[in-house]
Amino acid sequence: MTEIVLVGAAGRMGRAVMEAMGESPDLRLKACVDRAPQPGGNAVPWGEDAAAFIARGDVVIEFGTAAAAEGAARAAAAAGAGLVSGSTGLSTAAEALLREVSARVPVVRSANFSIGILALRAALNAALAILPEGFDVEIIERHHRTKQDSPSGTALLLATDVARGRGVATPALKHGRQGSAGAARPSGEIGIHAVRGGDWVGDHTLLLGGMGEWLELRHVAQSRRAFAEGALAAARFVARAVPGLYTLEDVMAARSR
Ligand code: NAD
């Protein structure tokens, strides 16, 4: 039985993880961490300070904010607990902290825990291997009106995949387009367009445009359950892993072994 400490428990993702845990007899929700007060009907130990609940061998699942991610990482490392980190919009320093912490405890970090996005990325890699470099790439992402970070962590991940697929270390991003371009669209540029509104869970479209033809690859998350299931798979992986920084690909590869 793996004991889970859930950080960001009152949030949309926290609630989705709790719901998915209800069908996971191998995982026990030990404690909930959130700044928000404990909702009625929740009988699990609840507080603001992750460190107060985490013990060696536990797994911390975190979907909160940048501050929550950093706090959870420090507390997990201090206690010797594994970490599943899902918050997006982290600073470079916060990402560096996660890498530092992974020298001491196993950490799975992903901007998107849905298995469909893994398949989208594999399809993207396959397309890039076939298409000439001259195909232009534009990424359109759509999320609910309260999403804090733009563009989404997943859009940035996809842009990095495109750049890597073309042998470029850092993607040349163009966020939105307005006004006169003055010249033709630079080859190799990756356009990113963030759409915000309503309660849209998460939608990523990759457009690959050539002369006379277009290709469109799209993933739509209709429910946060898609992310929650991936996060629980990551928690099971982390419970058995040695310290290191892992991706969702590592989790899925271990599942199929
Ligand atoms: P949300 O705003 O609904 O929930 C965030 C929760 O974190 C809130 O309950 C808030 O009170 C709590 N919180 C804020 N600061 C805290 C702190 N210091 N310590 C503990 N709790 C704190 O947001 P959400 O939609 O649940 O998303 C949370 C994060 O997860 C965002 O960064 C989002 O982009 C990301 N996300 C990641 C994935 C993925 O697959 N990796 C999927 C969906 C969302």
Side-chain angles (χ1 to χ4, degrees), residues 4-21 31-39 42 44-54 60-76 83-91 94-95 97-98 107-121 141-158 194-204 219-235 237-238 245-252:
I4 304 289
V5 175
L6 181 60
V7 177
R12 283 166 289 232
M13 272 309 301
R15 282 177 272 132
V17 169
M18 264 191 265
E19 194 188 318
M21 281 193 67
C32 289
V33 178
D34 204 294
R35 282 184 169 169
Q38 183 166 24
N42 181 308
V44 178
W46 186 285
E48 280 189 38
D49 181 15
F53 299 112
I54 307 171
V60 179
I61 301 179
E62 173 277 314
F63 287 94
T65 57
E70 290 188 55
R74 287 201 180 89
L83 175 66
V84 175
S85 174
S87 287
T88 58
L90 267 56
S91 65
E95 295 284 3
L97 173 70
L98 286 172
V107 176
V108 177
R109 169 90 188 124
S110 180
N112 194 309
F113 275 99
S114 80
I115 188 126
I117 282 286
L118 272 192
L120 179 79
R121 294 175 69 198
E141 56 99 335
R142 298 166 234 213
H143 284 88
H144 52 93
R145 60 164 71 113
T146 60
K147 182 164 177 61
Q148 294 296 305
D149 51 320
S150 307
S152 68
T154 306
L156 294 172
L157 184 68
L158 294 169
V195 179
R196 295 288 175 268
D199 61 356
W200 210 240
V201 173
D203 184 330
H204 293 87
H219 174 263
V220 181
Q222 289 177 293
S223 136
R224 290 179 178 81
R225 189 68 185 253
F227 310 124
E229 292 296 345
L232 295 189
F237 171 91
V238 149
L245 186 58
Y246 301 98
T247 62
L248 190 61
E249 285 93 326
D250 298 320
V251 173
M252 293 306 158

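Just so you know, these numbers use all the heavy atoms, side chains as well, and skip hydrogens, waters and symmetry mates. Positions are given from 1 along the sequence. Remember, it's 1-based here, ligands and their atoms both numbered in the order they're listed.
Residue contacts with ligand 1 for Gln148 are absent, since no atom lies close enough (heavy atoms, distance under 4.0 Å). Of the heavy atoms in Ser110, only backbone atoms (N, CA, C, O) come closer than 4.0 Å to ligand 1. Under 4.0 angstrom from ligand 1, the non-hydrogen atoms of Thr88 come from both its backbone and its side chain. At a heavy-atom cutoff of 4.0 Å, ligand 1 is contacted by the side chain of Phe227 but not by its backbone.
Counting only heavy atoms from C-beta outward, the side chains of Glu48 and Asp34 never approach each other to under 4.5 Å. Here the side chains of Val5 and Ile61 are not in contact, with every heavy-atom distance at 4.5 Å or above.
In terms of polar-atom proximity, defined here as any N/O pair under 3.5 Å, Gly86 does make such a contact with ligand 1. When only interatomic distances are considered, the shortest N/O to N/O separation between Arg12 and ligand 1 falls below 3.5 Å. At under 3.5 Å, not a single nitrogen or oxygen of Ala67, backbone or side chain, sits near a nitrogen or oxygen of ligand 1. Not a single N or O atom of Arg15, backbone or side chain, sits closer than 3.5 Å to an N or O atom of ligand 1. Checked by distance only, ligand 1 and Gly14 stay at 3.5 Å or farther apart across all their nitrogen or oxygen atoms. On a distance-only criterion, His144 and ligand 1 share no N/O pair closer than 3.5 Å.
Looking only at atom types and distance, the side chain of Asn112 has no donor-acceptor partner in the side chain of Ser110 under 3.5 Å away.
At a 4.0 Å cut-off, at least one heavy atom of Ala111 sits close enough to ligand 1 to count as contact. Taking 4.0 Å as the cut-off, Gly71 does not count as a neighbour of ligand 1 on heavy-atom distance.
Checked against side-chain contact (heavy atoms from CB on, under 4.5 Å), Ser87 has the following partners two or more places apart in sequence or in another chain: Glu62, Ala69, Leu90. Among residues two or more places apart in sequence or in another chain, the side-chain contact (heavy atoms from CB on, under 4.5 Å) test is passed with Ala67 by Thr65.
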